[in-house]
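A quick write-up on the structure given underneath.
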Amino acid sequence: MTEFWNSWWAFAFMLAPFAIGFSGLLMILVMAYQNLDTILRTFPDSGYVIRQKMLWGDSGLYSRFVLTSSLAAVALFPKGHINRGDLLESELRNLPHFIKQRMVVAWWLCFAGIAWLLLAVGLLKLTAD
């Protein structure tokens, strides 16, 4: 097994989770500048969205990124927010499908990158001599 960790395959195996995770982060960053205003207009009465906007703002790179990523996480798992009354289901239905799909894909890419990285580090530890 040590031959594998000394090969280019191992380099690619260890680089892949970063490429996958950063592509998800890049998607969120692009949405922060292209779609955040549309997303905020879609949720004018949802308490969660209003609180997040007040907390983070919507004018700098960091604040737009964090606000978009938190709203993307809501698009991924909306049931809890709807059940608590923080998010209106009617407003969620009004979110353009392509934006919601992009939000979900971005978060799954981030999750996949983290899972792959944890698996790779675990395998590396298990095969260490």
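Computed over heavy atoms, backbone and side chain alike; hydrogens, waters and symmetry mates excluded.
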Those residues that, when tested against Gln101, pass side-chain hydrogen bond (donor to acceptor under 3.5 Å, both in side chains) (two or more places apart): none
Parallel, tilted or perpendicular: ring planes of Trp108 versus Phe77, cut at 30 and 60 degrees: perpendicular
Over all atoms of both residues, closest heavy-atom pair of Ser59 and Arg64: N-CG, 4.1 Å
Members besides Leu126 in its Ile/Leu/Val/Met/Phe/Trp/Tyr cluster (side-chain heavy atoms under 4.5 Å): none
Nearest heavy atoms of Ala75 and Val104, plus distance in Å: O-CG2, 4.0 Å
Pairwise side-chain contact, Trp107 with Met103, heavy-atom cut-off 4.5 Å (strictly under): no
Close side-chain approach of Ile28 and Phe65, heavy atoms under 4.5 Å: yes
Heavy-atom neighbours of Phe18 CZ exceed 12 at 6.0 Å: no
Check: Leu61 and Tyr33 side chains under 4.5 Å, non-hydrogen atoms: yes
Polar contact flag, side-chain donor to acceptor under 3.5 angstrom, Glu91-Thr42: no
With sequence neighbours excluded, residues passing side-chain hydrogen bond (donor to acceptor under 3.5 Å, both in side chains) with Thr68: none
Aromatic ring pairing Trp56/Tyr62, orientation class (parallel under 30°, perpendicular over 60°, tilted between): perpendicular
